[in-house]
Amino acid sequence: MATVGALPRPREPAGELAQGSPVTPGRQLRCCTASGCRAGGAGPLIEALRQAQAVADPAANGLVIKSVGCLRLCSRGPLLAWDGPGGPALFALGSTDPGTAPGAAIGPEQARALVLAAATAPGPDTLAALDLEAWRPQALLPEGSPSPGPSPVGVASAPPPSPGGIGLTWDQMDLDHPFFALQQPLVLLHCGWIDPDSIEEALALGTYGQWRRCRSDLSPEAVRAMVHRSGLRGRGGAGYPTGLKWDTVALQPPGPRFVVCNADEGDPGAFMDRSVLEGDPHRLLEGLAIAAFAVGAESGFLYVRAEYPLAIERLRRALKQAHQKGILGPGTGLELELRVGAGAYVCGEETALLQSIQGQRGQPRPRPPYPAQSGLWGAPTLINNVETLAVVPAILRRGAEWFAAIGTDTSKGTKVFSLSGAVRRTGLVEVPMGTSLRTVVETMGGGVPAAPGSPGGGVKAVQTGGPSGGCIPAHLLDTPVDYESLQALGSAMGSGGMVVVGEAMAMPELARHFMHFSVEESCGKCLPCRAGTVQLEQLLDRLLAGLAEPGELDQLEQLCRMVKATSLCGLGQAAPNPVLSALRHFRAEFLAACRAESPRAAFAREPFPAGPALGPLPGGRP
């Protein structure tokens with residue numbers, strides 16, 4: 001199997017993956033306008049750059065300024081990528097005032113200086129030497145002059161504020177740093193390169209080419225066989241073989257069939273699917289269209305939570321463009337519709353999702369029958385998540401054997417993770433299955449920095465799989481990231497959220513935090529989940545208040561196993577996982593909390609916040 005070190009480092013979309021050559025201008029600024037960078041002022045930034053270009057020196061007219069999807073290193077946003085001589089190069093705009101979004105603080109003079117430098121600089125060193133902090137452009141240095149050089153990835157420079165107001169920093173990121181160098185983008189291949197609002201750019205890179213090939217050259221059976229041979233497993237969390245699921249739907253008795261893209265991403269710390277929706281929506285539409293062809297469906301839905309307004313906006317535009325081009329819609333054999341969910345976490349469960357699409361309350365139902373047998377309006381229905389569908393065009397383009405050669409014997413291909421928490425570098429990483437947690441968290445993410453006034457930092461645990469997963473202690477960081485290895489440790493792959501926990505965090509508090517999430521998100525249909533999660537949270541509250549006896553840990557564990565065994569759907573069945581894994585690997589902390597007079601005595605820190613006040617909880621508990 002291919003290892004991380006054996007895989008090429010992606011700097012630009014590989015020509016061999018594209019059908020047709022991308023139209024790349026001589027110089028361009030690619031401004032990340034995904035949600036993470038928007039929080040840093042990417043919207044005002046790109047508007048300021050475009051306005052500056054309109055009044056700048058004519059030399060700036062040849063520069064293309066465009067909006068793109070996620071550029072990966074979200075902790076340093078807003079990010080701008082420059083394509084030109086000696087490029088590409090990646091830069092981070094920062095502010096000396098932590099409370100000010102850098103993109104919103106840039107003034108007309110800085111914007112003009114940046115645009116002119118991007119349009120005329122002979123190389124990235126000259127662009128890196130641009131001085132934005134002083135509120136005035138520094139004279140452009142000739143290529144080869146001393147420059148600040150690439151900034152340590154994830155570490156912002158912090159000059160003092162200039163006398164004129166808030167200072168701006170301008171740092172070049174090192175693309176040879178492991179955070180970038182060890183990534184192997186398949187799902188994210190075009191994300192950060194194309195304008196997500198431009199179907200022309202997507203078409204230039206071969207998007208919809210495999211959909212056309214299916215309709216002209218391939219049979220549904222051939223497509224399903226290729227997915228089978230690739231070893232692709234569902235990226236939504238369960239890891240069910242994708243080819244087997246497709247066969248189950250296709251081989252049902254004749255009649256209508258539906259396909260559904262589950263984009264109801266709701267795990268805390270997860271933003272992988274959102275980044276695909278925001279950065280390369282046409283790739284997802286092609287994957288869903290191929291799936292529909294493979295199972296014989298003529299109708300499909302994309303189900304997206306309402307908390308993703310930018311993703312919804314870009315998906316709607318992509319659907320409209322695909323209809324206008326005659327790629328989808330009448331005459332193509334496939335109609336796709338976007339449905340927006342109200343944000344209930346339980347609607348990520350496939351039967352609850354189907355209920356919501358049908359206009360009913362989003363609650364799960366017993367299985368069997370499974371949706372592949374009886375789904376939307378009683379018809380066989382294929383449900384896959386965003387990442388699963390987005391990688392299908394690459395499998396058809398490069399071949400099943402190519403995909404199967406990446407990863408491990410049982411977990412093929414790559415996996416996108418959203419790296420967040422106490423880690424130094426947060427953002428999106430796409431790595432081959434089987435990459436170790438240590439590689440992702442420490443080599444790529446930089447580990448956990450020391451807190452102010454603390455003698456040192458350090459990774460304490462990694463929470464994978466969100467509320468459905470578990471905590472993996474630091475001494476097990478050499479565990480490969482694949483389905484079976486994580487399950488053996490009491491955790492799960494989940495959809496790809498990876499939250500890094502530092503030494504300062506108390507594990508009972510973290511367990512209580514995730515249980516509180518499950519209490520709030522339970523639909524209430526089944527008693528074990530509705531009442532059991534509340535009882536579990538109350539036991540954890542007693543523990544954190546220093547009121548529990550050591551024997552109550554056995555009660556806590558028994559109740560966890562009861563809820564896990566008897567709940568109706570995946571939410572209740574997986575809700576105890578963070579508690580069970582924390583008890584398994586950090587039991588000493590739970591015992592210390594039992595014996596302590598207060599949480600502060602046990603952990604010397606404030607309790608983990610449970611979120612905004614929601615009024616009385618079930619049972620009259622405040």
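- Defined by atom type and a distance below 3.5 Å, a donor-acceptor pair is present between the side-chain atoms of Asp267 and Tyr345.
- A distance of 8.0 Å separates CG in Leu188 from OG1 in Thr414, rounded to the nearest 0.5 Å.
- Using a distance-only test at 3.5 Å, with no hydrogens or angles considered, no donor-acceptor pair links the side chain of His513 to the main chain of Glu509.
- Val481 has its side chain within reach of Phe417: a pair of non-hydrogen atoms, C-beta onward, lies under 4.5 Å apart.
- In summary, the side chains of Glu265 and Ser495 do not present any donor paired with an acceptor at a separation below 3.5 Å, with no hydrogens or angles considered.
- No donor-acceptor pair closer than 3.5 Å links the side chain of Trp82 to the backbone N or O of Gly87.
- Pairing each heavy atom of Leu73 with each of Leu79, the nearest pair is O-CD1, 3.4 Å.
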Exercise for the section: Assess whether side-chain contact (heavy atoms from CB on, under 4.5 Å) is satisfied between Phe271 and Cys74, documenting all intermediate values. Expected result: CA-CA 11 Å; Phe271 47 91; Cys74 304; 4.1 Å; yes
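- For the pair Ser356/Tyr303, a side-chain contact is recorded, criterion being any heavy-atom separation below 4.5 Å from C-beta on.
- Using modelled atom types, one side-chain atom of Asn262 and one backbone atom of Gly348 make a donor-acceptor pair closer than 3.5 Å.
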Exercise for the section: Tell me, with the steps shown, if Phe91 and Leu130 meet side-chain contact (heavy atoms from CB on, under 4.5 Å). Expected result: CA-CA 11 Å; Phe91 298 89; Leu130 185 66; over 6 Å; no
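- Here the side chains of Arg38 and Thr33 are in contact, with some heavy-atom distance below 4.5 Å.
- With contacts defined as side-chain heavy-atom distances shorter than 4.5 Å, the pair Arg316/Val340 qualifies.
- Met444 has its side chain within reach of Val431: a pair of non-hydrogen atoms, C-beta onward, lies under 4.5 Å apart.
- In this structure, the separation between OG on Ser468 and CZ on Phe514 is 10.0 Å, given to the nearest 0.5 Å.
- For the pair Asp280/Ile194, a side-chain contact is recorded, criterion being any heavy-atom separation below 4.5 Å from C-beta on.
- A salt bridge does not link Glu286 with Arg212: every distance from a Lys NZ or Arg NE/NH1/NH2 to an Asp or Glu carboxylate oxygen is 4.0 Å or more.
- Here the closest non-hydrogen pair linking Ser67 and Pro196 is O-CD, 3.5 Å.
- A donor-acceptor pair is defined here as one N or O able to donate and one able to accept, closer than 3.5 Å; no such pair exists between the side chain of Glu387 and the backbone of Met272.
- Looking only at distances, a side-chain donor or acceptor of Ser418 sits under 3.5 Å from a matching main-chain atom of Gly269.
- Summarising the geometry, atom CG belonging to Leu396 is positioned 12.0 Å from atom CH2 belonging to Trp211; distances are rounded to the nearest 0.5 Å.
- Taken from CG in Leu80 to CG in Leu49, the straight-line distance is 6.5 Å, to the nearest 0.5 Å.
- One N or O on the side chain of Arg27 and one on the backbone of Ala118 form a donor-acceptor pair closer than 3.5 Å.
- Nearest heavy-atom pair, Val499 versus Gly421, reported as atom, atom and distance to 0.1 Å: CG1-CA, 4.1 Å.
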Problem - side-chain contact (heavy atoms from CB on, under 4.5 Å) assessment of Ile65 paired with Cys31 - result: CA-CA 7 Å; Ile65 301 172; Cys31 304; 4.2 Å; yes
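- Taking CD1 of Ile46 as the reference point, atom CD1 of Ile106 lies at 12.0 Å (rounded to 0.5 Å).
- For the pair Tyr308 and Asp273, the minimum side-chain heavy-atom distance is 4.5 Å or more.
- A donor-acceptor pair under 3.5 Å is absent between the side-chain atoms of Lys415 and the main chain of Val429, judged by distance alone.
- Gln183 places a side-chain N or O within 3.5 Å of a backbone atom of Phe179 that can act as its donor or acceptor partner.
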Practice task
May I have the step-by-step check of side-chain contact (heavy atoms from CB on, under 4.5 Å) for Asn384 and Val259, ending in yes or no?
Solution key: CA-CA 8 Å; Asn384 284 131; Val259 289; over 6 Å; no
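- Two residues are said to be in side-chain contact when any heavy atoms from C-beta on lie closer than 4.5 Å; His190 and His282 fail this criterion.
- Val459 and Glu503 make their closest contact through O-OE2, 3.7 Å (heavy atoms, listed as atom of the first residue, atom of the second, distance).
- Side chain of Arg112 to backbone of Ala52: no donor-acceptor contact under 3.5 angstrom is found.
- No hydrogens or angles considered: nothing links the side chains of Asp195 and Ser198 as a donor-acceptor pair under 3.5 Å.
- For Glu430 and Arg72, the salt-bridge test fails: no basic side-chain N is under 4.0 Å from an acidic carboxylate O.
- Expressed to the nearest 0.5 Å, how far CG of Leu319 lies from CG of Leu302 amounts to 6.0 Å.
- Scanning all heavy atoms of the two residues, the minimum distance from Gln53 to Leu63 falls at NE2-O, 2.6 Å.
- Between Leu114 and Leu127 the shortest heavy-atom distance is O-CD1, 4.5 Å.
- For the pair Arg283 (side chain) and Ala390 (backbone), a donor-acceptor distance under 3.5 Å is present.
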